[in-house]
Amino acid sequence: MSASNQSLAQPAGRASAATDAPEPSVEDALADELLAGIGALRRGLRRSAGPDWPFSPLTGAQAELLKLVRRQPGISVAAAAAELRVAANTVSTLVRQLSHQQLLTRDVDPDDRRVARLRITEGAAARFGRWRDGRTHALSAVLPELSPAHRQALADVVPALAELTRRLDGPDGKDGKRE
């Protein structure tokens, strides 16, 4: 049994001799291993495929809005604000900044002229495409080096990761915070 699997097999609540603190639960240990593995994968992709984000230097809020608009072209300012859990005037400020950088367009909704619809520009879409292509190429280049069992294990974990993400997002798809 590997060291990581041994840690998963230990009963929860047993005190560690080094810290006298209870050992993590099986779920805590798995969560730690998932986060470590995902972090290592992201760092490996960054080294192999180039920078993780092609739009530097953007603030975190600007990057989040740009990603949201890419996923939901035509989203309104109000809907973007609700999705990002910020005030509509905050999104309006971000839209102005991103429009100035020619990364985002704001168009009047033809059915309701009070509503602005957001879209990423062709230049921003091309940069997203190159970024995704680089990451996809980096992964697809090493997948054949894995054993068939490892490739199958990766294929099998994709639905579980999607379900984990859905549960983290919560029932309304926005907030999965646990109390």
Side-chain angles (χ1 to χ4, degrees), residues 27 30-143 154-155 157-179:
E27 291 81 9
L30 178 58
D32 284 343
E33 288 191 35
L34 279 170
L35 291 171
I38 291 167
L41 177 63
R42 290 179 59 96
R43 287 187 299 278
L45 280 170
R46 192 175 304 120
R47 284 189 303 272
S48 296
D52 194 34
W53 183 244
F55 297 100
S56 295
L58 292 181
T59 67
Q62 289 171 330
E64 287 303 311
L65 177 59
L66 204 55
K67 288 178 192 176
L68 174 63
V69 174
R70 181 181 174 276
R71 286 191 313 269
Q72 297 181 36
I75 190 170
S76 70
V77 170
E83 182 81 18
L84 297 173
R85 289 185 167 63
V86 298
N89 64 343
T90 299
V91 171
S92 291
T93 298
L94 295 171
V95 168
R96 260 192 314 279
Q97 294 165 348
L98 292 168
S99 295
H100 181 72
Q101 296 178 49
Q102 298 181 339
L103 298 173
L104 199 62
T105 62
R106 177 183 175 144
D107 301 312
V108 175
D109 185 313
D111 296 329
D112 185 347
R113 300 194 58 77
R114 298 170 296 173
V115 176
R117 298 290 173 185
L118 307 176
R119 297 191 188 330
I120 62 172
T121 63
E122 287 182 23
R127 287 166 79 178
F128 267 118
R130 286 191 302 273
W131 174 60
R132 289 184 63 104
D133 289 349
R135 294 182 319 153
T136 299
H137 177 74
L139 273 177
S140 64
V142 297
L143 284 172
L154 287 171
V157 80
V158 172
L161 289 173
E163 177 63 14
L164 185 60
T165 301
R166 187 188 67 73
R167 289 175 183 264
L168 285 169
D169 285 344
D172 60 0
K174 296 179 183 174
D175 186 1
K177 290 185 181 173
R178 305 280 189 253
E179 294 184 20

Side-chain donor-acceptor contacts of residues 119-126 below 3.5 Å, not counting sequence neighbours, with atom names and distances?
{"unit_1": "Thr121", "atom_1": "OG1", "unit_2": "Gln102", "atom_2": "O", "d": "2.9"}
{"unit_1": "Thr121", "atom_1": "OG1", "unit_2": "Ala124", "atom_2": "N", "d": "3.1"}

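Within the 4.5 Å cutoff, the side chain of Glu27 has no heavy atoms near those of the Leu30 side chain.
For Ala87, the side chain to side chain contact (heavy atoms under 4.5 Å, CB included) partners at least two apart in sequence or on another chain are Asn89, Thr90.
Rounding to the nearest 0.5 Å gives a distance of 6.5 Å between CG of Leu154 and CG of Leu143. A distance of 12.0 Å separates CD of Glu33 from CD1 of Ile38, quoted to the nearest 0.5 Å.
None of Leu104, Thr105, Leu118 except one satisfies the side-chain contact (heavy atoms from CB on, under 4.5 Å) rule with Leu98; the exception is Leu104. Partner of Leu65 under the side-chain contact (heavy atoms from CB on, under 4.5 Å) criterion, chosen from Val91, Ile75, Leu103, Val77: Val91.
The minimum heavy-atom distance linking Leu68 with Glu83 is given by the pair CD1-CG, 3.5 Å.
Panel note: side chain Arg70, backbone Leu66; no donor-acceptor pair is recorded below 3.5 Å.
We find that Arg117 and Asp109 are joined by a salt bridge, their nearest charged nitrogen and carboxylate oxygen being less than 4.0 Å apart.
Looking only at atom types and distance, the side chain of Thr93 has a donor-acceptor partner in the side chain of Arg96 under 3.5 Å away.
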